[in-house]
Visitor: 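Take this structure first; my questions come after.
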Amino acid sequence: MADSDGRQVDGVNHATGKIYRLKLFFNNEGKELTKEEKQRLRKEKKQHKKNKKDDKGPPEKEKEKEKASVPAPSKPATQSPAHKAAPAPVHASESAAAAEKPAKSKAELRAERRARQDSERTSKHGKKEGGQQSASSKPKATPNELQPVVKRLPEHVQVDDPAALKKLAKKLERQQVRQIHSHVPLRSDYGYKVSLFSHLHQYSRKSPPTLQISIPATVIHPSIVRLGLQYSQGIIAGSNARSVALLHTFKQVIQDYSTPPNEELSRDLVNKLSPYISFLSQCRPLSASMGNAIKYIKKEISNIPSQCKEEEAKGKLQACIDSYINEKIILASEAISKYAIEKISDGDVILVYGCSSLVNHILCKAFEKQRKFRVIVVDSRPRLEGREALRRLVKKGIRCTYVLISALSYILPEVSKVFLGAHALLANGYVMSRVGTSQIALVAKAYNVPVLVCCETYKFCERVQTDSFVSNELDDPDDLIVTRNGKSHLENWQTVKSLGLLNLVYDVTPPDFVDLVITDLGMIPCTSVPVVLRVKNVDQ
Amino acid sequence: EIHEPEEVSVWFREGSSCCQETLARNQRFTETPVNMPGADKETDLSERIESFLSELKRCGSGAGSLRGSAETARETTALLRRITAQARWGNAGELMEIIRKEGRRMTAAQPSETTVGNMIRRVLKIIREEYARSRGSSEETDQQESLHKLLTSGGSSEDNFRQHFTHLKANVIEAINELLTELEGTTDNISMQALEHIHSNEVIMTIGRSRTVEAFLKDAARKRKFHVIVAECAPFCQGHEMATSLCKEDIETTVIPDAAIFAVMSRVNKVIIGTQTVLANGGLRAVNGTHTLALAAKHHSTPLIVCAPMFKLSPQFPNEEDTFHKFVSPHEVLPFTEGEILSKVNAHCPVFDYVPPELITLFISNIGGNAPSYIYRLMSELYHPEDHEL
């Protein structure tokens, strides 16, 4: 059996997704479906789905397979026993060979599929990619207790696998609306990649992802195109900014959306959003906060009852998005500032790194409350985000000092506290943040300076990671080139065959370097992140 | 200190190279003791000393000096030899006084360039040794255990070096020539040890640009295949030069920004760095960013190897906080294009970092490999304790 055929597909929408999987199994046995047959099957499936009101399983199961989201643990577990129970009576019928006619009943088709899945599951057990079929790793236990142990590997860390790349290309092609053949473009990698990172994408800012989009881009909403370009050029940067921009753009998309006839808003809108999300992740890999936001929106959309009128539904969704932004980002930062201000005393020398909107907010609030402190801003090449933070703080009137990260050992003896922002907090307590944060935490630990990380709870992520290699983002390597005294040594680095430039964006800080994490739920140690995640899941 | 623009310094550099040329030409005359008229000799000598001092003063404006420390050491020693040859002195004591006087001026011109002071102390030690040999006392008695010497001192240290010996001058000059040959061979001596420390398929990390480390790695690359990661060391980004130079020898090189040092350290097998000075306690005064590198290496239990020739060993201790650091213009860090906020912000651009000896695994120098705890012993062989303060 070919390896690629057994791999889990990035679910697009449940209808075509299922058909995709079905097609793969048919290919296994060497038979092909013609295009008309495929379309007929597709329509049939849709009808069948519409009749199944009780079964909320499929949409959630598909949602779990969305590239951008962390799989929801409880739902699929309930769904699989349900599915298994249904075809049980029909199981006796022979799973004849494929070449499948709509003449076959849908139950029989489903039964065949299940049988094939089972056989494949057992044969795939020995293979390394076993973790990818989340269906194969569902526990039989009660849903809310255990979570599936192995999660599907996201696409953006499989760049070195040609089969995965081929699948991505196919998937992007397939994300078309009806018969229009424009598709989401596949962005190509740029330059020589350091061998340790050949599993990650490396794009150049000079070749934007919109080069191959045809005009008019009917598949992708224009505000999404604009957002994607803003991401890829670095105009919108910082996880809060990116999430808020994404949510506002989705509001616009929902506003412009109109349900096509014979479709339900709750199903179709999710399908519509998927090519947008693929496009955005081609522009720049999605952050953990964006992933959580997308998960939330999709859940809200699919929870819209079908009797709801379109205008009402749209209004509801927009209100949901607004309340999400308000609660999780704006009010959260107020709460965090309140806690953090308790930790700032008069006469403090506070060190911050780069530009974190949350940390800047905290410092400004503390300054307004008449605390006397001064700030040291540490910055690093090539992004030099610290200059932006410096401008904002100086505008407020705070006394600031500015150094580069190589001068850290010189400046740390003066520092009394370190405040760091985070991009995401991982379930094993590691803090994923801008590259250089772990270094600051390391040196601060050596000088016995307390390190406080400020992070909203919506950035908590269920992934685990122990080093900065397996999942990271590679920025444009040309950013490292600098011209000093009219000479830039690395100008033609592409022509030199043994030279590589590495421009990492994130790194992970081990929890023993971090003394405290300040969240909107309170001040917790780094290792309590899975507790918070569990509490959040139970709430939902 | 006025930060002089680059063009001026280039002009002076050209001036100094023709200065060196005349030096080379004149050497042919001074090697054979010819009696030139005294006044001419003196003015010529003081001119040379002045030009050397002014070059030293200019050296400190920015990143790595315009010349490497090896060159500075060689020029200092050559100048000291000239002083020995041309200055007027009757006995060893007077010579040492002259050299000490000039030495104080030279170290004051550029305090951060410690090789100047080191060479002066070496020459003073040479003079003491030659004097002792001429007097006939054997060398062994002078090299007793330093502790023993403390208890039993009185004895020899005190004849003030007033006796006149005719061949002292020639002996001293010969010894200084030996010192010069040793200086020329240091980089080769260090690179010869490269194969003992680098195995194949290693990932080696380094920071900034050190000519010693460059030669070390290039020598190993002739026989072994390995990968080098260079941290670029902002704001001067000398790592870029290092990387391009290593690539010419077909060494797989990757350039990373300073912020990524800890992130990639987990995949590094060895850290090999150069340094500006080795301090008396075994610590380093190295380019900024080295302390972070050393801490990251310690955290991952990666060995930290320092390639430093012996002329970088200095009898200073790192306890003088205010004289340890050297700063350059902060416009490297926050350029003038930032505008208004510059008046409200303090920006710092220190050049050096202190690395404590506990973080260092090994010193590789031209006399072999040593642990940091042995440095004090090496120092007692190179310098006389009375010369620690010039």
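Throughout, a chain's letter reflects where its sequence line sits, starting with A, and its residues are numbered from 1.
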Visitor: Between A/Y192 (side chain) and A/L501 (backbone), is there a donor-acceptor pair under 3.5 Å?
Guide: no

Visitor: Under a 4.5 Å cutoff for heavy-atom pairs, which residue among A/G436, A/S409, A/G397, A/S380 has the most contacts with chain B?
Guide: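 Top option by heavy-atom pairs under 4.5 Å: A/S409.
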
Visitor: Has A/Q465 got a side-chain atom pairing as donor or acceptor with A/S471's backbone, closer than 3.5 angstrom?
Guide: yes

Visitor: Based on non-hydrogen pairs under 4.5 Å, which of A/V435, A/I440, A/L504 is most in contact with chain B?
Guide: A/V435

Visitor: Among B/C233, B/A260, B/C349, who wins on heavy-atom pairs under 4.5 Å with chain A?
Guide: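 Of B/C233, B/A260, B/C349, B/A260 has the most heavy-atom pairs under 4.5 Å with chain A.
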
Visitor: As an exercise: rank B/V203, B/I229, B/L295 by heavy-atom pairs under 4.5 Å with chain A and give me the winner.
Guide: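 Top count of heavy-atom pairs under 4.5 Å with chain A: B/L295.
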
Visitor: Between A/R205 and A/D475, does any NZ, NE, NH1 or NH2 come within less than 4.0 Å of an OD or OE carboxylate oxygen?
Guide: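 Salt bridge between A/D475 and A/R205, a charged N being under 4.0 Å from a carboxylate O: yes.
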
Visitor: Would A/K497 and B/D250 pass as an ion pair if we require N to O under 4.0 Å?
Guide: yes

Visitor: So for B/D353, is it side chain, backbone, both, or neither that comes closer than 4.5 Å to the heavy atoms of chain A?
Guide: side chain

Visitor: So what's closer than 4.5 Å to chain A heavy atoms on B/I251: side chain, backbone, both or neither?
Guide: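 B/I251 touches chain A through backbone heavy atoms alone.
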
Visitor: Could you tell me if the side chain of B/P335 sits less than 4.5 Å from the side chain of A/R387, heavy atoms only?
Guide: yes

Visitor: Who among A/I481, A/V496, A/L499, A/N503 has the most heavy-atom pairs with chain B under 4.5 Å?
Guide: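 Greatest number of close heavy-atom pairs with chain B: A/L499.
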
Visitor: Heavy-atom distance under 4.5 Å to chain A: side chain of B/H291, backbone, both or neither?
Guide: both

Visitor: Find the one option among A/T437, A/D379, A/V443, A/D507 whose heavy-atom pairs under 4.5 Å with chain B are most numerous.
Guide: A/V443

Visitor: Could you give me the CA-CA distance, side-chain angles and deciding distance for B/I198 and B/I272, then say whether side-chain contact (heavy atoms from CB on, under 4.5 Å) is met?
Guide: CA-CA 10 Å; B/I198 299 180; B/I272 301 183; 4.2 Å; yes

Visitor: Could you have a look at A/L196, A/V482, A/L480, A/N472 and say which one has the most heavy-atom pairs with chain B under 4.5 angstrom?
Guide: A/L480

Visitor: Heavy-atom cut-off 4.5 Å, strictly under: side chain, backbone, both or neither for B/V264 against chain A?
Guide: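 Contact with chain A is through both the backbone and side chain of B/V264.
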
Visitor: Side-chain contact, heavy-atom cut-off 4.5 Å: A/R484 with B/H240?
Guide: no

Visitor: With a distance cut-off below 6.0 Å to the six-membered ring centre and an angular limit of 45° from the axis, does B/R285 pair with B/F324 as a cation-pi contact?
Guide: yes

Visitor: Among B/G339, B/C237, B/A263, single out the residue with the greatest number of heavy-atom pairs under 4.5 Å to chain A.
Guide: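 Highest number of pairs under 4.5 Å: B/A263.
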
Visitor: Looking at chain A, which one of B/T292, B/I256, B/V287 has the largest number of heavy-atom pairs inside 4.5 Å, strictly under?
Guide: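 Of B/T292, B/I256, B/V287, B/T292 has the most heavy-atom pairs under 4.5 Å with chain A.
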
Visitor: Within this structure, what is the CE-CD distance for the pair B/M242 and B/E214, rounded to the nearest 0.5 Å?
Guide: 5.5 Å

Visitor: If you count heavy-atom pairs under 4.5 Å between each of B/E232, B/K248, B/H227, B/K344 and chain A, which one has the most?
Guide: B/E232

Visitor: Please determine, among B/A296, B/A231, B/A243, B/P235, the option with the most heavy-atom pairs under 4.5 Å with chain A.
Guide: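 Greatest number of close heavy-atom pairs with chain A: B/P235.
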
Visitor: Enter the distance from A/C455:SG to A/H423:NE2 here, rounded to the nearest 0.5 Å.
Guide: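 A/C455 SG to A/H423 NE2: 10.0 Å, rounded to 0.5 Å.
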
Visitor: Side chain, backbone, both or neither: which part of A/P510 has a non-hydrogen atom closer than 4.5 Å to chain B?
Guide: side chain

Visitor: Does A/R284 come within less than 4.0 Å of A/E473, counting only side-chain N to carboxylate O?
Guide: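 Counted as a salt bridge, because a side-chain N and a carboxylate O are separated by less than 4.0 Å.
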
Visitor: Report the option among A/S498, A/S488, A/S468, A/A407 that has the most heavy-atom pairs separated by less than 4.5 Å from atoms of chain B.
Guide: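 Option with the greatest count: A/S498.
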
Visitor: Examine whether an atom of B/E338 lies under 4.5 Å from a heavy atom of chain A, and if so say whether it belongs to the side chain, the backbone or both; otherwise answer neither.
Guide: side chain

